[in-house]
Asker: 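The structure under discussion is supplied below as structure tokens; questions concerning it will follow.
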Amino acid sequence: MALLAEHLLKPLPADKQIETGPFLEAVSHLPPFFDCLGSPVFTPIKADISGNITKIKAVYDTDPAKFRTLQNILEVFLQSICDGERDENHPNHIRVNATKAYEMALKKYHGWIVQKIFQAALYAAPYKSDFLKALSKGQNVTEEECLEKVRLFLVNFTATIDVIYEMYTKMNAELNYKV
């Protein structure tokens, strides 16, 4: 779990204003998370997230003072694993967790073809034990120790994402098209 625990998001201040610079610094370390899934089939997802971070950073860099203050699949996926949700017939598979995260966070933005690509990609998902080992960067930790670090990561991550969604809602910036 060292991968995510090394770059935690800062706790939100009382006014819930997300500082763009520290936010971008923390989330710029999320794309390597997809390497932990162990298959090149996740490369497009990693590239999409990296591209979104790059776009936000480009806007921020034009005027850091103006843009001083400011994504849910990762949150739902990790929380689902921490909560012990699993396929009883295949308890070491993470497909249930990935499917839940996708359906809650991204499916509504994707057309039929992209949805089918996602379903096919699920078959390349690693076993839960291999995924947690990858998150731990090879450190010799128990599954529960790794999950505890995931829970620690989710504390500030969840609060930050909630504020972003609240901002999208207030600004009527929710996307209404599919890719």
Side-chain angles (χ1 to χ4, degrees), residues 1-39 42 45-53 56-57 69-88 91-109 118 121-122 125-170 174:
M1 188 46 219
L3 177 69
L4 295 176
E6 288 174 0
H7 304 283
L8 298 174
L9 287 161
K10 291 173 48 177
L12 286 171
D15 65 1
K16 295 187 177 181
Q17 295 297 306
I18 300 167
E19 290 185 48
T20 308
F23 172 79
L24 287 170
E25 171 59 27
V27 298
S28 70
H29 298 281
L30 290 178
F33 160 83
F34 290 93
D35 295 334
C36 295
L37 296 173
S39 173
F42 297 101
I45 297 167
K46 179 180 173 181
D48 183 47
I49 291 172
S50 295
N52 290 338
I53 293 168
I56 294 170
K57 185 168 178 11
T69 63
L70 245 147
Q71 275 131 298
N72 183 329
I73 192 167
L74 178 61
E75 175 191 357
V76 174
F77 173 69
L78 291 174
Q79 188 64 56
S80 175
I81 289 175
C82 286
D83 291 346
E85 293 180 31
R86 64 184 184 181
D87 178 345
E88 293 301 325
N92 201 27
H93 287 181
I94 60 172
R95 287 186 209 133
V96 168
N97 313 100
T99 299
K100 178 179 180 178
Y102 177 76
E103 288 178 354
M104 290 181 71
L106 294 175
K107 186 176 181 179
K108 63 185 173 184
Y109 302 111
F118 174 81
L122 283 176
Y127 289 112
K128 177 181 174 184
S129 55
D130 293 336
F131 173 68
L132 293 176
K133 183 177 179 181
L135 279 181
S136 298
K137 289 185 162 179
Q139 295 175 359
N140 190 17
V141 297
T142 66
E143 180 177 311
E144 190 50 45
E145 289 171 324
C146 184
L147 290 174
E148 188 54 41
K149 289 185 178 180
V150 170
R151 289 181 191 98
L152 175 67
F153 168 79
L154 286 170
V155 170
N156 292 335
F157 184 81
T158 301
T160 301
I161 295 302
D162 288 347
V163 169
I164 291 170
Y165 278 114
E166 187 177 309
M167 178 183 68
Y168 278 6
T169 301
K170 285 181 182 176
E174 182 70 22

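Owing to the predicted nature of the structure, the values given are computational and were not obtained by experimental measurement. Residue indices begin at 1 and follow the sequence shown.
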Asker: Under a 4.5 Å cut-off applied to non-hydrogen side-chain atoms, are L37 and I94 in contact?
Answerer: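 Side chain of L37 against side chain of I94, heavy atoms only: contact under 4.5 Å found.
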Asker: Kindly write out the residues that satisfy ring-ring contact (aromatic ring centres under 6.0 Å, His included) with F42, not counting sequence neighbours, or none if the list is empty.
Answerer: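 Listed in chain order: nothing, the list is empty.
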Asker: For S80, check side chain to side chain contact (heavy atoms under 4.5 Å, CB included) against everything at least two apart and list the hits.
Answerer: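 S80 satisfies side chain to side chain contact (heavy atoms under 4.5 Å, CB included) with E85, N97, K100 only.
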Asker: List the atom of T160, the atom of K10, and the distance in Å for their closest heavy-atom pair.
Answerer: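 Closest heavy-atom pair between T160 and K10: OG1-O, 4.3 Å.
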Asker: What I'd like to find out is whether the side chain of E6 reaches to under 4.5 Å of the side chain of K137, using heavy atoms alone.
Answerer: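 Side chain of E6 against side chain of K137, heavy atoms only: contact under 4.5 Å found.
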Asker: Would you compute the distance between atom CD1 of I161 and atom CD1 of I18 and round it to the nearest 0.5 angstrom?
Answerer: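 The CD1 atom of I161 sits 7.5 Å away from the CD1 atom of I18.
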Asker: Check whether any side-chain heavy atom of L122 sits under 4.5 Å from a side-chain heavy atom of Y102, and report yes or no.
Answerer: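 A side-chain contact under 4.5 Å is absent here.
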Asker: Among residues two or more places apart or on two chains, list those pairs meeting salt bridge (Lys or Arg N to Asp or Glu O under 4.0 Å) that have a residue in residues 158-167.
Answerer: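 Salt bridge (Lys or Arg N to Asp or Glu O under 4.0 Å) check on residues 158-167 returns E166-K170.
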Asker: What orientation do F33 and F77 show, parallel under 30°, tilted 30 to 60°, or perpendicular over 60°?
Answerer: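 Correct class here is perpendicular.
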Asker: Answer yes or no: is there a side-chain heavy-atom contact under 4.5 Å between V163 and L12?
Answerer: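 Touching, per the 4.5 Å side-chain cut-off.
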Asker: Less than 4.5 Å apart, side chain to side chain, heavy atoms only: is that true for L30 and F157?
Answerer: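 Yes, their side chains come closer than 4.5 Å.
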Asker: Atom CG of residue position D15 - does it have more than 12 heavy atoms of other residues, nucleotides or ligands inside 6.0 Å?
Answerer: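 Atom CG in D15 is packed in, count exceeds 12.
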Asker: Can you name the residues that form a side chain to side chain donor-acceptor pair (under 3.5 Å) with N92, not counting sequence neighbours?
Answerer: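 Only S129 meet the side chain to side chain donor-acceptor pair (under 3.5 Å) criterion with N92.
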Asker: With sequence neighbours excluded, tell me which residues meet salt bridge (Lys or Arg N to Asp or Glu O under 4.0 Å) with R95.
Answerer: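 For R95, no residue satisfies salt bridge (Lys or Arg N to Asp or Glu O under 4.0 Å) once neighbours in sequence are set aside.
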Asker: Quick test of your reading: applying salt bridge (Lys or Arg N to Asp or Glu O under 4.0 Å), list the pairs with at least one residue in residues 22-36, sequence neighbours left out, ordered by first then second residue.
Answerer: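 Non-adjacent pairs meeting salt bridge (Lys or Arg N to Asp or Glu O under 4.0 Å): D35-K46.
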Asker: Charged N to carboxylate O below 4.0 Å: is that the case for E144 and R151?
Answerer: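 Looking at E144 and R151, the cut-off is met.
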